[in-house]
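This structure is a prediction, so every number in the text was calculated from the model and none was measured.
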Amino acid sequence: MALGNIIGADILNVLLVVGCSAAFNSGGLHVEPLFFTRSFPVMLAILCVFRLGITVQKEKMGRPFGFILILCYLLITVLNIKQMSS
């Protein structure tokens, strides 16, 4: 239940902030192409891992799914750091 509240609040906050920013900015929002080639697929992968974890293990997510999520986080962090340094 708490996980659903956190995820729901995060989605609401992101959509509200992005929506208000786009609505009040006359030029719209500029999104780097790297977002669509790197960050967006990683977000979809994490969403799929969450969905798979909920489907496979009815009431709680186990360690294997936790390790996969940690690896996704580390992977995107390392890729972002490498991209910023080059």
Residues forming a side-chain contact (heavy atoms from CB on, under 4.5 Å) with Cys20, sequence neighbours excluded: Leu16, Phe24
Transitive ILVMFWY cluster of Ile70, excluding itself - 4.5 Å side-chain cut-off: Tyr73, Leu74
ILVMFWY cluster membership beyond Leu79 - transitive side-chain contacts under 4.5 angstrom: Leu75
Non-hydrogen atoms of Cys72 and Ile46 that approach each other most closely: CB-CG1, 3.9 Å
Closest contact, heavy atoms only, Val17 versus Ser21: O-OG, 2.7 Å
Value rounded to 0.5 Å, distance of CZ in Arg38 from CG in Asn80: 5.5 Å
Same cluster (ILVMFWY, side-chain, under 4.5 Å), Val31 and Leu34: no
